[in-house]
J.: 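Next up is a structure, given as C-alpha cells.
Bear in mind the structure is a predicted one, so any value in this text is a computation, not a measurement. Chain letters run A, B, ... following the sequence lines, proteins first, then strands; residues in each count from 1.
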There are 2 protein chains.
Amino acid sequence: MIDTKEKILDVAEELFSELGFSATSLRAITQKAEVNLASVNYHFGGKEALIAQVLSRKAEPLNKLRLDHLGILQAKGQPSLEELLTAFIAPALQMVKSKSGERYIKLLARVAIEPIGDVAKNLPGQYTEVLDQFVPAIIEHVPTLPAEELYWRIHFMLGNLGYCMAGQDAMLLNSENRLCDPNDIDGMIHRLVAFVAAGMRAEVPEQYRKAS
Amino acid sequence: MIDTKEKILDVAEELFSELGFSATSLRAITQKAEVNLASVNYHFGGKEALIAQVLSRKAEPLNKLRLDHLGILQAKGQPSLEELLTAFIAPALQMVKSKSGERYIKLLARVAIEPIGDVAKNLPGQYTEVLDQFVPAIIEHVPTLPAEELYWRIHFMLGNLGYCMAGQDAMLLNSENRLCDPNDIDGMIHRLVAFVAAGMRAEVPEQYRKAS
DNA sequence: GTCTATAACTAGATAGAC
DNA sequence: GTCTATCTAGTTATAGAC
C-alpha cells in the first residue's frame with residue numbers, strides 16, 4: 001500500500017507520545033497500523049530512525065510556515081524586530097492548538113527526559129536552516145550585540161517558546177489568581193513578542209561587552 | 001526508625017525521577033528503602049501524597065534561599081530590578097549543579113508529561129509565598145504595568161528559568177556552533193537577568209494598555 | 001541464602017521468496 | 001513493497017549446585 005509509511009508514522013507518533021519510546025515496541029506499532037513488522041526497517045531503517053522521522057515530520061511544516069512568513073516580510077522591505085519575532089513565534093504557538101501539535105510538544109519533552117540514541121543530539125539540526133535565516137535578520141536590529149550574547153538570547157527565546165507551547169500541561173501556568181489566560185494564544189503571541197524584543201535589545205552587561 | 005520518612009523520600013525521589021511515577025511501585029520504593037510497605041501509607045497517606053512531598057521537599061530550600069536573598073537586599077534599602085531578579089533566578093540555576101537538583105528538574109518535567117492526580121495542579125501553590133513577596137517588589141520598578149501584563153511576564157521569566165535549568169538535557173541547547181556554553185552558570189545568570197529585566201521594562205503593546 | 005547456568009520470552013534487525 | 005522465517009541481543013525467571 002502506498003501510504004504504509006504514513007500509517008506507521010501516525011501510529012508511532014500516537015504511541016510514542018502516549019507511552020514513551022522504549023515502552024513502545026515496533027511490534028505494537030506495526031500491529032496497530034496493520035502493516036508488516038519488517039516494513040519499519042524497510043521504510044525507515046530502524047526504530048531510532050523512525051523516531052527521528054516522527055519528529056522531523058512535525059518540524060518540517062513548522063519550518064515552512066516560519067520561512068514563508070519571513071519571506072513575505074522580507075519581500076515588503078526590511079521587517080521590524082517585532083515582525084521577525086512574530087514570524088518565528090506565532091507558527092509554533094498556533095500549532096499547539098491542534099491535537100497533533102500537542103503530541104509534538106509532548107514528544108519533544110519525552111526526547112529530553114528519555115534520551116534514545118542520538119535522537120536528541122540530532123534535533124537541533126532540524127531547526128538550523130530556519131535559525132540561519134532568522135538570525136542574520138535579527139542581527140540587523142541589534143548590530144552591536146556580540147555573537148555569543150545573541151545566541152544566549154536566542155536560547156532564552158526558545159525557552160519562552162517551549163514553556164508557552166507546553167501551555168496548560170506546564171506545571172506553573174495553570175495557576176489560579178494569576179490573571180492571565182493561557183488559552184489566549186493571540187494575546188500570548190503579542191505579549192511574548194514584546195517581551196523577547198525588549199530582551200533582545202537589552203544593554204549588554206559590562207563584563208560581556210567584548211568585540212564579537 | 002526515626003528517619004524512615006527521609007529514607008522513603010530519598011528512594012522515591014531517585015526512582016520517580018529515573019523511571020517515572022507510574023512505573024515506580026510502592027513495593028519497589030519500600031524494598032529499596034528497606035522499610036515496610038505499609039509505612040508509605042502511614043507517613044504520607046498514599047502514593048500521590050508521597051509524590052507531592054517529594055516535590056515540596058525540594059521546593060522548600062529553594063524558597064528559603066530566594067526569600068533570604070530577598071530579605072538581605074531589602075534590609076539594605078530598595079533593591080534594583082536586576083538585584084531582585086537575581087535573587088529569584090540565581091538560587092534555581094545554582095541548584096541544578098547538584099545531582100539532587102538535576103533530579104528535581106527531571107521530576108518537574110515528569111509531572112508535566114505524566115500527570116498524576118492533582119499533583120500538577122497543586123504545584124504552583126508551593127511557590128505562591130515566594131511570588132507574593134517578589135511580585136510587589138518587582139512592581140515598584142514597573143509601576144505602570146497592568147497586573148495582567150505583569151503576570152504574563154512573570155510566566156515568561158519562569159519559562160526562561162525552566163529551559164535554562166533543564167540545561168544540557170534540553171533538546172535545543174546542546175547544539176554545536178551556537179557559541180554559548182550552558183555550563184557557564186554564572187554567565188547564564190547574569191545574562192538571563194539582563195534579558196528578563198529588559199522584558200519586564202518593555203513598553204506594553206497598545207491593545208493591552210488598559211488600567212489595572 | 002547466595003550464586004550461576006540456563007531456559008523462556010521479547011525486541012530489533014535482516015535475508016530471501018514472492 | 002510485502003511477507004515469512006530467522007538471527008542476535010537483552011531481559012526475566014527459574015532450577016540446581018554449593
Side-chain angles (χ1 to χ4, degrees), chain A residues 1-61 100 103-126, chain B residues 1 3-4 7-8 10-40 47 50-51 54 99 102-103 106-107 109-110 113-114 116 168-169 171 174:
Chain A
M1 208 181 279
I2 188 67
D3 53 348
T4 294
K5 272 185 84 164
E6 284 299 311
K7 278 204 300 193
I8 293 172
L9 286 169
D10 288 342
V11 174
E13 177 184 306
E14 188 189 332
L15 294 182
F16 284 147
S17 77
E18 276 172 18
L19 309 172
F21 300 113
S22 55
T24 304
S25 67
L26 295 186
R27 281 178 172 79
I29 293 169
T30 51
Q31 273 166 31
K32 181 155 190 186
E34 298 174 304
V35 301
N36 188 273
L37 171 63
S39 59
V40 170
N41 240 281
Y42 175 76
H43 284 291
F44 301 97
K47 185 175 185 176
E48 203 176 312
L50 172 62
I51 295 171
Q53 269 265 145
V54 167
L55 289 166
S56 69
R57 186 177 66 147
K58 287 288 196 239
E60 274 157 19
S100 147
R103 279 209 207 103
Y104 181 51
I105 181 71
K106 207 161 184 175
L107 284 172
L108 288 179
R110 283 203 187 278
V111 172
I113 290 185
E114 181 196 345
I116 298 289
D118 290 338
V119 174
K121 218 182 67 188
N122 294 327
L123 251 193
Q126 298 179 1
Chain B
M1 203 180 286
D3 52 349
T4 294
K7 279 204 299 192
I8 293 172
D10 287 341
V11 174
E13 176 184 308
E14 188 189 331
L15 294 181
F16 284 148
S17 76
E18 277 172 18
L19 310 172
F21 301 113
S22 54
T24 303
S25 64
L26 293 187
R27 279 178 173 78
I29 293 168
T30 52
Q31 275 167 28
K32 182 156 189 181
E34 296 173 304
V35 301
N36 190 275
L37 173 62
S39 61
V40 171
K47 185 173 183 177
L50 172 61
I51 295 171
V54 167
K99 187 80 201 150
E102 268 185 39
R103 279 208 208 102
K106 209 160 180 174
L107 283 172
R110 284 205 187 278
I113 290 186
E114 182 195 345
I116 298 288
Q168 285 149 307
D169 285 348
M171 48 246 105
N174 39 357

J.: I'd like to know whether A:Phe16 forms a side chain to side chain contact (heavy atoms under 4.5 Å, CB included) with A:Arg110, so could you lay out the CA-CA distance, the side-chain angles of the two residues, the decisive distance to 0.1 Å, and finally the verdict.
T.: CA-CA 9 Å; A:Phe16 284 147; A:Arg110 283 203 187 278; over 6 Å; no
J.: Output the rounded distance in Å from CD1 (A:Ile29) to P (C:dT10).
T.: 17 Å
J.: When the distance from OH of A:Tyr42 to C1' of D:dC3 is rounded to whole Å, what number comes out?
T.: 13 Å
J.: Under 4.0 Å: is that the gap between some side-chain N or O of A:Asn36 and OP1 or OP2 of D:dT4?
T.: yes
J.: To the nearest angstrom, how far is A:Gln31 atom CD from C:dA11 atom C1'?
T.: 12 Å
J.: Nearest to the side chain of A:Arg27, which nucleotide is it out of D:dG1, C:dA11, C:dA15?
T.: C:dA11
J.: Return the value, rounded to whole Å, for the distance between atom NZ of A:Lys47 and atom P of C:dG12.
T.: 4 Å
J.: Answer yes or no: is there an ion pair linking B:Lys32 with B:Asp10, defined by an N-O contact shorter than 4.0 Å?
T.: no
J.: Using a distance-only test with no angle check, is there a side-chain donor-acceptor pair under 3.5 angstrom linking A:Lys58 and A:Ser100?
T.: yes
J.: Does the pair A:Leu50 and A:Leu9 meet the rule for a side chain to side chain contact (heavy atoms under 4.5 Å, CB included), with working shown?
T.: CA-CA 8 Å; A:Leu50 172 62; A:Leu9 286 169; 3.9 Å; yes
J.: Whole angstrom is fine here: how far is it from CG in A:Leu37 over to C1' in D:dC7?
T.: 13 Å
J.: Whole angstrom is fine here: how far is it from CD in A:Glu34 over to C1' in D:dT2?
T.: 15 Å
J.: Once you round it to whole Å, what is the distance between P of C:dA13 and NE2 of A:His43?
T.: 15 Å
J.: Please state whether the phosphate of D:dC3, meaning OP1 or OP2, lies under 4.0 angstrom from any side-chain nitrogen or oxygen of A:Ser39.
T.: no
J.: What integer distance in Å separates A:Ile8:CD1 from D:dT2:C1'?
T.: 11 Å
